K.L.:
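The structure that follows is given in the form of structure tokens.
Since this is a predicted model, take the numbers as computed values, not measurements.
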Amino acid sequence: MSETTSQSGRPGDRGKQPTVAPGDRGRTTIADGVVEKIAGLAAREVMGVHAMGSGFARTFGAVRERVPGGGGKSVTRGVKAEVGEVQTALDLEIVVEYGVAIVEVARAVRENVIAAVERMTGLQVVEVNIAVTDVKLPDEEEEEPEPRIQ
């Protein structure tokens, strides 16, 4: 006569459910925007990063910031995330300060973003693509559009 085994694989455990920790009951989903905010803040923490986004995105964002109800500064500007069940991939657009080693800034941004996203979300970051869209020169003024109202 053969013994019946349960899901736990132990003889005689027929009918007993395996014990699941309370923290493992259910599913957690993380929106793309959450990962984008974390990555945007982490990228801005790196010395040598002047701003995020392309020139057009920064100009459009500056206009939107001036419009009442348009929201404050967007921490997701220049960040695009694709989030799966257990992994995420990120694309970042950055503006660097003149005189910094771009390769070193990009490496530091990549490391800081990966550490922050993985620590806060538990997602595995499979890639962080960085596009350097501009260099902020010391004598350049900030891009601010003319105010529409005086």
K.L.:
To the nearest 0.5 Å, what is the distance between CD on E127 and CD1 on I114?
P.N.:
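One gets 10.0 Å once the value is rounded to the nearest 0.5 Å.
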K.L.:
To the nearest 0.5 Å, how far apart are NZ in K80 and CG in D91?
P.N.:
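Spacing of NZ (K80) from CG (D91) equals 9.0 Å.
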K.L.:
Any heavy-atom pair between the side chains of K136 and V96 that's under 4.5 Å?
P.N.:
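Of all side-chain heavy-atom pairs linking K136 with V96, none is under 4.5 Å.
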K.L.:
Can you tell me if E93 uses its side chain to pair, donor with acceptor, with the backbone of V132 under 3.5 Å?
P.N.:
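Not a single qualifying donor-acceptor pair exists.
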K.L.:
Where do L92 and A43 come nearest, in terms of heavy atoms and distance?
P.N.:
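It is CD2-CB, 4.1 Å.
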K.L.:
Taking the side chain from R44 and the backbone from A51, do they hold a donor-acceptor pair closer than 3.5 Å?
P.N.:
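A pair under 3.5 Å: no.
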K.L.:
Could you state the interatomic distance from OG1 (T88) to CD1 (I38), rounded to the nearest 0.5 Å?
P.N.:
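Reported to 0.5 Å precision, the distance equals 9.5 Å.
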K.L.:
Enter the distance from I94:CD1 to T133:OG1 here, rounded to the nearest 0.5 Å.
P.N.:
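It is 8.0 Å, given to the nearest 0.5 Å.
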K.L.:
Please name the pair of heavy atoms, one in Y98 and one in V135, separated by the smallest distance, quoted to 0.1 Å.
P.N.:
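Closest heavy-atom pair between Y98 and V135: CA-CG1, 3.6 Å.
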K.L.:
With a 4.5 Å cut-off on side-chain heavy atoms, are V49 and V109 touching?
P.N.:
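SC-SC contact between V109 and V49 confirmed.
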K.L.:
Quick one: pull up CG in L123 and CG in L90 and give me the separation to the nearest 0.5 Å.
P.N.:
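If we round to the nearest 0.5 Å, L123:CG and L90:CG are 9.5 Å apart.
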K.L.:
Without swapping roles, check the side chain of R107 against the backbone of V103 for a donor-acceptor pair under 3.5 Å.
P.N.:
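No, R107 side chain to V103 backbone: no donor-acceptor pair under 3.5 Å.
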K.L.:
Is there a donor-acceptor pair closer than 3.5 Å between any side-chain N or O of E36 and the backbone N or O of A81?
P.N.:
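Pair found, side chain donor or acceptor close to backbone of A81.
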K.L.:
Find out if a path of hydrophobic residues (ILVMFWY) with successive side-chain heavy-atom gaps under 4.5 Å connects V126 to M120.
P.N.:
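No: no chain of side-chain contacts under 4.5 Å links V126 to M120.
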K.L.:
Can a donor-acceptor pair be found, under 3.5 Å and without considering hydrogens, that links the side chain of R77 to the backbone of M52?
P.N.:
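Not at all, since once roles are kept as given, no pair shorter than 3.5 Å links the two residues.
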K.L.:
Of all heavy-atom pairs between V79 and A39, which one has the smallest distance, and what is that distance?
P.N.:
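That closest heavy-atom pairing would be CG1-CB, 4.0 Å.
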K.L.:
Please round to the nearest 0.5 Å and tell me the distance separating atom CD of E85 and atom CZ of R27.
P.N.:
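If we round to the nearest 0.5 Å, E85:CD and R27:CZ are 7.0 Å apart.
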K.L.:
For atom CD of E82, is the number of surrounding heavy atoms from other residues, nucleotides or ligands below 6.0 Å larger than 12?
P.N.:
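Open.
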